[in-house]
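One structure is given here, and the rest of the page talks about it.
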Amino acid sequence: DTVGVFQIESRAQMSMLPRLRPREFYDLVVEVAIVRPGPIQGGMVHPYLKARELKRQMERAHSAEPFPLEHPRLREALERTLGVPIFQEQVMQIAMIAAGFTPGMADDLRRSMAAWKRKGGVHRFEEPLKQGMKANGYPAEFADRIFQQMLGFGEYGFPESHAHSFALLAYASSWLKCHEPACFLASLLNSLPMGFYTASQLVQDARRHGVRVLPIDVTHSDHDCTLEGPAEHLLPAKGLPRPQQPQPAVRLGLCLVGSLGKSAADRLVLARAASPFSTTEDLALRAQLSQQDVQALAAADALASLSGHRRQQMWDAAAQHSAPALLRDVPVLEAPLALPAAPEGEEILFDYAATGLTLRRHPLALLRPRLARWRLQTALQLVATPHGRQVRACGIVTVRQRPGTAKGTMFVTLEDETGPVNVIVWPAMVDRWRNALLRSQLLAVEGLWQCSVPEGGHAHATTSGQAPAVVRHLVAQRFKDLTPLLGRMAQALQGSRDFH
């Protein structure tokens with residue numbers, strides 16, 4: 001459950017976490033480093049997971065024996081990662097211990113690995129490494145495996161010190177998401193753009209975790225997103241454990257109004273501090289906002305407390321024409337015009353167009369009656385679906401990933417009103433359904449539902465007293481592009497974030 005968490009928020013990390021199951025800080029150091037092209041292409045992931053499960057079996061048996069290593073002479077270099085080299089520093093140690101490299105040669109090797117794909121890098125160390133290991137009695141197969149892992153690091157591998165600092169930030173992020181989710185959301189929104197997730201996805205995830213999110217409002221919002229609520233909501237409640245502490249609400253900030261400049265937002269906040277605004281006209285005059293500024297606020301539904309619904313806000317904003325300096329502070333008195341409110345679908349469309357998110361219903365909630373007739377299940381319904389069932393799902397495409405280490409496999413994330421659905425698309429399916437996969441915003445998928453506890457998960461659940469983590473995927477077999485159902489919403493929604 002790591003949406004928005006530093007370094008462990010990707011699909012690959014989300015899949016690895018239930019398998020590696022970090023319990024100690026160093027486990028998180030390995031977690032951060034192992035989902036990288038270097039360890040993956042170097043074939044280090046599965047051997048480490050296998051060694052990890054063996055270590056846990058020894059712990060459950062209360063074994064006092066040291067962890068068995070394939071080559072005990074390398075214990076100094078490899079014991080901390082259970083015999084599998086994960087970090088650049090370990091490769092340097094192996095070269096010095098097993099192949100007789102001098103410290104200078106080992107540092108040259110490190111520099112070559114850090115140079116990634118530059119020609120003539122790691123390969124020039126192949127013969128010295130293999131000959132040195134052979135002379136010291138190591139099998140040729142082991143020497144070749146170590147060199148292949150070095151080549152993997154040439155793609156991208158972490159120094160251990162780097163992984164330590166990243167793991168500390170991942171731990172702090174996880175702690176905040178768990179114990180202070182409102183603060184976590186506000187901080188992430190104020191740091192955008194960043195990471196894998198848009199403001200809309202972050203807000204929806206936080207709301208599913210019980211965080212109350214309040215709309216942008218010129219009578220309350222600062223430039224940044226802030227925490228808001230009665231004083232007792234901002235102080236720890238006596239006698240309650242931290243996860244049960246009442247959470248403040250998150251007030252969305254003026255920074256989310258796309259076309260409103262920071263200077264205009266600052267003038268607005270400064271004018272409001274002097275005295276509350278009485279009308280939209282009062283706001284425009286005292287904050288010295290241009291007509292474009294007021295229209296941007298109206299489009300974002302930020303004038304609701306002064307003008308009412310969005311159509312009325314837009315009408316009032318249109319009345320704020322630029323005036324000569326002599327008349328700038330003179331109010332205009334005319335009878336107000338009452339307009340009817342827009343339908344819900346139109347309000348949601350304008351929300352996405354102005355701020356990239358909505359606090360109203362998810363677009364798929366409006367389409368759900370039709371989708372249900374087509375037997376398209378929600379993400380929440382799929383959670384309760386047994387492993388191996390043939391299912392259909394549908395959602396807005398938020399992420400497409402096709403990493404080079406996946407050998408042509410594509411990973412797609414769909415989002416509906418109840419949460420995300422993770423889809424695996426094998427290479428043959430990518431080629432066959434390319435148009436629907438790459439062009440659709442609203443995608444329906446039919447396939448095989450996979451719902452499994454990673455190896456060792458049951459034992460972990462028994463010893464920890466917690467339910468085991470479950471990895472859920474939809475292995476795709478057929479696709480259908482349903483983007484036309486979105487109508488004008490398709491233009492307002494942000495496109496998917498695509499990674500390679």
Side-chain angles (χ1 to χ4, degrees), residues 3-4 9 11 185 188-189 192-208 213 215-216 225 252 255-260 296 298-302 310 314 342-372 374 376-380 393-402 410-423 425 433-445 474 479-499:
V3 169
E9 63 179 352
R11 278 280 302 277
L185 173 64
L188 285 180
L189 293 176
L192 291 175
M194 58 180 287
F196 278 74
Y197 300 100
T198 62
S200 176
Q201 292 169 280
L202 294 171
V203 166
Q204 291 190 48
D205 177 72
R207 294 175 81 185
R208 287 192 290 269
V213 183
I216 305 169
C225 299
L252 298 182
C255 59
L256 293 174
V257 181
S259 54
L260 183 72
D301 204 22
R310 185 185 260 116
M314 294 300 294
E344 181 184 17
E346 188 173 319
E347 292 281 16
I348 294 172
L349 167 65
F350 289 148
D351 286 342
Y352 278 105
T355 65
L357 61 92
T358 185
L359 300 183
R360 295 177 172 86
R361 289 199 294 169
H362 191 279
L364 261 65
L366 305 182
L367 297 173
R368 184 52 56 189
R370 184 183 301 187
L371 301 178
W374 295 341
L376 292 163
Q377 295 174 268
T378 68
L380 188 60
C394 177
I396 294 171
V397 181
T398 58
V399 176
R400 294 179 178 92
Q401 289 177 267
R402 201 177 189 188
M410 181 180 288
F411 303 94
V412 179
T413 301
L414 307 179
E415 173 194 283
D416 66 21
E417 70 272 32
T418 65
V421 177
N422 294 325
V423 181
V425 190
W433 300 93
R434 179 173 297 275
N435 282 343
L437 273 171
L438 299 183
R439 296 181 181 178
S440 59
Q441 285 183 279
L442 181 62
L443 182 65
V445 183
L474 175 53
F479 299 88
K480 187 173 181 61
D481 184 357
L482 298 182
T483 305
L485 293 182
L486 293 174
R488 290 187 297 152
M489 190 79 69
Q491 297 178 349
L493 291 172
Q494 294 185 11
S496 66
R497 308 194 75 178
D498 300 337
F499 300 87

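No experiment lies behind these values; they were computed from the predicted model shown.
- Note that CG of Leu256 and OG of Ser200 are 11.0 Å apart. Values are rounded to the nearest 0.5 Å.
- In this structure, the side-chain contact (heavy atoms from CB on, under 4.5 Å) partners of Pro484, at least two apart in sequence or on a different chain, are Asp481.
- Put simply, the side chain of Glu9 gets close to the backbone of Gly4: a donor and an acceptor are under 3.5 Å apart.
- Here the straight-line distance linking atom CG of Leu185 with atom SG of Cys225 works out to 7.0 Å at 0.5 Å rounding.
- Between the side chain of Glu415 and the main chain of Thr398, no donor-acceptor pair closer than 3.5 Å is present.
- Here the CG-CG distance, from Leu474 to Asn422, works out to 9.5 Å after rounding to the nearest 0.5 Å.
- For the atom pair CZ of Arg370 and CG of Leu482, the computed distance is 9.5 Å after rounding to the nearest 0.5 Å.
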For this session: Could you check Thr355 against Leu252 for side-chain contact (heavy atoms from CB on, under 4.5 Å), going step by step and ending with a plain yes or no?
Result: CA-CA 10 Å; Thr355 65; Leu252 298 182; over 6 Å; no
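- Residue Leu359 holds its CG atom at 9.5 Å from CG of Asp301, rounded to the nearest 0.5 Å.
- Judged as a salt bridge (Lys or Arg N to Asp or Glu O under 4.0 Å), the pairs with a partner in residues 194-208 (not counting sequence neighbours) are, in order, Lys177-Asp205.
- By the neighbour-count criterion of 12 heavy atoms within 6.0 Å, atom CD of Glu346 is densely surrounded, having more than that number from other residues, nucleotides or ligands.
- With sequence neighbours left out, Glu347 forms a salt bridge (charged side-chain N to carboxylate O under 4.0 Å, His left out) with Arg310, Arg360.
- No side-chain donor-acceptor contact under 3.5 Å links Glu417 to the backbone of Arg361.
- Judged purely by atom type and a 3.5 angstrom limit, Asp416 uses its side chain to pair as donor or acceptor with the backbone of Ala379.
- With hydrogens and angles disregarded, a donor-acceptor distance shorter than 3.5 Å links the side chain of Thr483 to the backbone of Leu442.
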Exercise. So Val425 and Arg402, side-chain contact (heavy atoms from CB on, under 4.5 Å) or not? Walk me through it.
Worked result: CA-CA 10 Å; Val425 190; Arg402 201 177 189 188; over 6 Å; no
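- Between the side chain of Gln201 and the main chain of Thr198, a donor-acceptor pair closer than 3.5 Å is present.
- In this structure, Tyr352 contributes its side chain and Pro363 its backbone to no donor-acceptor pair below 3.5 Å.
- Considering CD of Gln401 and CZ of Phe196, their distance stands at 5.0 Å, rounded to 0.5 Å.
- No more than 12 heavy atoms of other residues, nucleotides or ligands sit less than 6.0 Å from atom CZ of Arg439.
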Exercise. Should Ile396 and His362 be marked as a side-chain contact (heavy atoms from CB on, under 4.5 Å) after you check the CA-CA gap, both sets of side-chain angles, and the distance that decides it?
Worked result: CA-CA 10 Å; Ile396 294 171; His362 191 279; 3.7 Å; yes
